Each structure stands twice: as C-alpha cells, then as structure tokens.
Amino acid sequence: MGRWEVSWGKRNPKGGKAVRRKGGRSKGEVRSYLTGMSKLPVPTILDLAPVDAKARVEAWVKTKSLPRYRAGQILDRLWTRPVRSWTEATELPGVLREELERELRLPELSLETRQDSSDGTRKFLWRLFDGEAIESVLIPSGNRRTLCVSSQSGCALGCVFCATGRMGFRRNLSPFEIAGQAREVALRHPGEAATNVVFMGMGEPLLNWPAVDTALSILNSPAGLGIGARHITVSTVGIIPGMDALAGRPEQFRLAISLHAPTTERRRAIMPIEKKYDLDAVLKAARVFRKRITFEYVLIAGKNDSDRDADQLVKLARSLGALVNLLPLHPGGAPDLAPSSGNRIRGFADRLRNQGVEAVVRRSRGLDISAACGQLRVEVESKKGAGMS
Ligand code: SAH
Ligand code: SF4
C-alpha cells in the first residue's frame, strides 16, 4: 500500500475534472498541474482534507487487519497532536510505526531561516522539496497569534509594490505546503500555535483554489487544526471565479480585498490584474460575503494617497460596509516607490474616519526582520547570489 491515488481538489478553477495522480512521494518527482508549467509534489496523507484522511487511514488500518481504534490514534497525530515523524508516536507499537513510516510517511517543510523580531514577530523561510522557498510570519498580539501563510511560490500578478510580484510565478503550493506552515510552527514552538491565519504571504490564494480549498478544511476542521472560520482570512486582489468558490463554502471564512486604489484608472497603474477583473466586478463579487470584509490599502506616496483618493475610497467602503486596513508601503518591495509620510498616513486615515469609515493603520510589524511579503526570500537568495528569475 505504499502507492495510492488521491485527488487534490474537487475541480480546478477552469472547471475541469479533478486532477488525479498516482505514486509514492519521491524527491524530485513532480507532475504538471493546471497550467502545464507549475509543479507540485506527489500528495501525502497531510494533503487530504480531514474527512478524506479519515477514510484513507481507516481503509489502511483495515487492510492491515489492525484493531479499529488504531485509526483514531493515527489520525490524532496528523494535525491535532502532530508529530514530526511516526517514530515519535510512541503510543503506537514499534512495528506499526515502521509500517507507517514506509507507507503513510509524514512530509515536512524544512526550515531554512528563522528571524525573530524585537516586537515578537517571527519569520520563517521554508525550503520545499524541489528547492522552492516560501515564507510565513507569526505575529503575536495580546492573546492572538496570527500566522500569515503563503499559497504560491512567487506570484504571476506583478503588483508594482510587491516583492513577491517581482519574483514572478514559480509554482502553486500543495494543501500540505499551505496548512503545513501552521503545523510546522506548532511543532517547533509548542504553546505558540496560530490562533488566526491570514493568506497574506506569498502568492495569490484564489489562483490556487483547489489546494487552498483543501487547506482551509484542514485549518478549520476540529480534526485538523481547529481554527475557527472567522479567524481565517483569505486575501485576494479579486480573482472572481475564486471569490465565487470561496463564497460557496458553508463556513464563514473572512475575505480581504487588496484594493490599493479607489478607481479603475488608479488601480490599473499599480495592479495589472485590474485589466482582467475590474474594480466594479470585484466589488460586486464581494457583496455576497456574509461576514464583514476588509479592504487592504498600501499607501504609496503620490500614487494613491491624496484626499481625493480617500474620498473615493470612503464611497466604496461605505457601500460594502468594509473595514479599511491601511498599510505603510514596505520599501523592500518597490525600490522605485516611496511610502507615504507619517503625516499623510494619519491625514488619510482621519479623512476616512471623519466620514464614518472604520480605518486601522497597521503597524509595520517586524520591520527589522524583512517581514513583508517576499522580503526574506529575496534577501536570502541575493546573499547566496542565486538570483531570481
Ligand atoms: N495576493 C494576495 C495575498 C498576498 S499579498 C493579495 O495581494 O491580496 C498580501 C498583502 O501584502 C497584500 O495586501 C499586499 O498589498 C501586501 N503587500 C505587498 N507588498 C507590500 C509592500 N511592499 N508593503 C506593504 N504591504 C505589501
Ligand atoms: Fe501577487 Fe498579492 Fe503581491 Fe500582487 S500583492 S503581486 S497579487 S502576492
């Protein structure tokens, strides 16, 4: 039973059939996916939504003629009481642990670099099995610990202010590579497991919907990481088919829209995706979300931070009842752009608030540790002289 077949998700975003593949995981073994260019690792037990993992483990236990309660013990070690490898699951007999190692091996993300900021923020750079690198950031705040996860290696969308956008698209992540970022943090820092997850790391989550769909189930399910849907936020520039798919899920996951400009014309200048999914269409697709949505708005000097921009943003935020997160531009993403001054940021935020819009200026957490999207990878790669394509 070392080789098995599994599907990544229900449908791919183009509406095609589930992508199915066979085979045990071996280093360097990759298959093309969706675009014919991107590559993914062969699925493992940690790539399955909890309900599918349960079926899979129960079937495995049956074929081994083991008592049924073993399935529960095994499942427990996937997400709720995770172990790095089966060897550590000492409640199981040694022979069973060896069989599990051979046949249901647990994948890992290998930690290449960790940076700890003086404000408590931790940043992780994970090296994937094929050499790709992705980032996660753990941001403590009171009783909350928010983990910012990546959904793709690189990003195809080329927003002009974003370090990940500058890398271009490398590949989609698998469900484990996404949800596993939270698993790895919990394994490495017991007692510091994430209470909240935001899809605001590298990549556009709604362009990797099948894997993000499964990762959401893992993060949210009580048999997975058990993080409440209201504590999980998917951030998108507005990929409409993906927004529809997310809205179609019964759980109330939260949606953040990376708006960054209040008109089509302004947005086009900094976000090429506006040509494909324009602002009106994105806002229309956002209306079906039952929970309050958030607009993300990076303030860039002279590009989107005038009083007029603020007034136009007020209209959009009011019409959706959206909360506005104002982010000072992190300079690393865009050497040719300047962050708005502190005064301008305050003026912009006040103008929104004076017109009844709830606006929060996000502190730039972990500025001393390159904690903005794509920063750490760029820094590590450039030190190595590897260069980014
Ligand atoms: N692709 C998705 C999710 C990942 S980006 C999206 O764009 O929503 C997550 C957030 O990081 C976005 O809101 C983006 O605007 C922000 N970001 C990217 N580059 C930044 C920079 N240089 N300074 C501040 N925030 C940045
Ligand atoms: Fe991609 Fe989001 Fe960065 Fe734009 S801001 S390039 S969509 S990761």
Side-chain angles (χ1 to χ4, degrees), residues 121 123 134-137 139 146-173 178 181 197-209 212 215 232-240 242-243 246 253-261 267-277 279 282 285-286 293-301 303-305 322-340 345 360-367 369-379 388:
T121 303
K123 182 144 188 169
I134 54 158
E135 303 177 15
S136 322
V137 187
I139 307 159
T146 302
L147 185 69
C148 173
V149 296
S150 296
S151 56
Q152 298 182 313
S153 176
C155 181
L157 300 185
C159 303
V160 297
F161 46 82
C162 173
T164 306
R166 286 177 176 260
M167 282 171 206
F169 178 68
R170 314 286 294 203
R171 72 165 167 87
N172 278 330
L173 301 186
I178 301 169
Q181 295 166 52
V197 171
V198 294
F199 283 74
M200 293 185 186
M202 297 166 77
E204 169 48 57
L206 297 185
L207 284 179
N208 185 14
W209 176 249
V212 167
I232 300 175
T233 302
V234 176
S235 176
T236 180
V237 289
I239 306 298
I240 291 173
M243 289 172 72
L246 179 65
F253 296 114
R254 287 191 180 263
L255 178 72
I257 295 179
S258 286
L259 202 73
H260 307 316
R267 208 168 182 248
R268 250 183 205 214
I270 53 175
M271 300 171 73
I273 192 66
E274 177 69 22
K275 293 189 198 93
K276 185 159 175 144
Y277 300 116
L279 194 54
V282 171
I293 65 163
T294 304
F295 287 158
E296 303 288 309
Y297 200 99
V298 173
L299 283 164
I300 311 170
K303 295 276 181 198
N304 63 359
D305 65 347
L323 167 80
V324 178
N325 264 341
L326 296 171
L327 312 153
L329 175 77
H330 191 291
D336 41 347
L337 298 173
S340 307
I345 294 175
V360 180
V361 179
R362 292 283 165 208
R363 275 189 299 151
S364 244
R365 296 294 301 265
L367 262 183
I369 58 161
S370 344
C373 191
Q375 293 291 305
L376 183 58
R377 172 166 168 172
V378 168
E379 195 182 296
M388 305 294 308

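It should be emphasised that the depicted structure is a prediction, and the values quoted were computed from it without experimental measurement. Counting starts at 1 for both ligands and their atoms, in listed order.
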Legend entry - Atoms of ligand 1, numbered as shown, that sit under 4.0 Å from any heavy atom of F199: 3 (C)
Inset, instruction - Could you tell me whether the side chain of S150 and the main chain of M202 form a donor-acceptor pair under 3.5 Å? - result: yes
Legend entry - ligand 2 contacted by G203 (non-hydrogen, < 4.0 Å): yes
Legend entry - Side chain, backbone, both or neither: V298 near ligand 1, heavy atoms under 4.0 Å: side chain
Inset, instruction - Provide the closest heavy-atom pair for L207 versus N172 in the form atom of the first, atom of the second, distance. - result: O-OD1, 3.8 Å
Legend entry - N208 (side chain) donor-acceptor with L173 (main chain) under 3.5 angstrom: yes
Inset, instruction - Could you list the atoms of ligand 1 found under 4.0 angstrom from a heavy atom of M200? - result: 4 (C), 9 (C)
Inset, instruction - Please confirm whether the backbone N or O of V237 pairs with a side-chain atom of E204, one donor and one acceptor, at under 3.5 Å? - result: yes
Inset, instruction - For the pair E296 (side chain) and L327 (backbone), establish whether a donor and an acceptor sit closer than 3.5 Å, ignoring hydrogens and angles. - result: no
Legend entry - Side-chain donor/acceptor of R268 to backbone N/O of K275, under 3.5 Å: no
Inset, instruction - For L157, take its heavy atoms, then give the atoms of ligand 2 lying under 4.0 Å from any of them. - result: 7 (S)
Inset, instruction - Search all heavy atoms of L246 against all heavy atoms of L255 and return the closest pair with its distance. - result: CD2-CD1, 4.0 Å
Inset, instruction - Could you say whether the N/O atoms of G201 and ligand 1 ever approach to under 3.5 Å? - result: no
Legend entry - Test item, C148 contacting ligand 1 (heavy atom, 4.0 angstrom): no
Legend entry - Atoms of ligand 1, numbered as shown, that sit under 4.0 Å from any heavy atom of P328: 24 (C)
Inset, instruction - May I ask you to check if any N/O/S atom from C155 comes under 2.8 Å of atom 4 (Fe) of ligand 2? - result: no
Inset, instruction - Check each atom of ligand 1 against the heavy atoms of T236 and keep those under 4.0 Å away; list them by number with element. - result: 8 (O)
Legend entry - Pairing of D336 and R166 as salt bridge, 4.0 angstrom limit: yes
Inset, instruction - Provide the number and element of each atom of ligand 1 under 4.0 Å from a heavy atom of L329. - result: 22 (N), 23 (N)
Legend entry - T236 side-chain N/O to G238 backbone N/O, donor-acceptor pair under 3.5 Å: yes
Inset, instruction - Name the option, out of C155, S150, G203, that contains the heavy atom nearest to atom 1 (N) of ligand 1. - result: G203
Inset, instruction - Using modelled atom types only, decide if a donor and an acceptor are shared between the side chain of N304 and the backbone of H260 within a distance under 3.5 Å. - result: yes
Inset, instruction - Mind listing the closest non-hydrogen atom pair of I345 and P328 along with its distance? - result: CD1-CB, 4.0 Å
Inset, instruction - With atom 19 (N) of ligand 1 as the reference point, say which of P339, P205, C162 has the nearest heavy atom. - result: C162
Legend entry - Contacting atoms of ligand 1, where contact means under 4.0 angstrom from a heavy atom of E296: 13 (O)
Inset, instruction - Please confirm whether H260 comes under 4.0 Å of ligand 1, counting heavy atoms of the residue only. - result: yes
Inset, instruction - List every atom of ligand 2 that sits less than 4.0 Å from any heavy atom of G165, numbering the atoms from 1 in the order shown and giving each element. - result: 6 (S)
Inset, instruction - Could you tell me whether some N/O pair between L327 and ligand 1 is separated by less than 3.5 angstrom? - result: no
Legend entry - Element-labelled atoms of ligand 2 that are located less than 4.0 Å from some non-hydrogen atom of V237: 7 (S)
Legend entry - T164, portion touching ligand 1 at heavy-atom distance under 4.0 Å: neither
Legend entry - Close-contact set for ligand 2 against G158 heavy atoms, below 4.0 Å: 6 (S)
Legend entry - Least distance between heavy atoms, A301 atom then S340 atom: N-OG, 3.5 Å
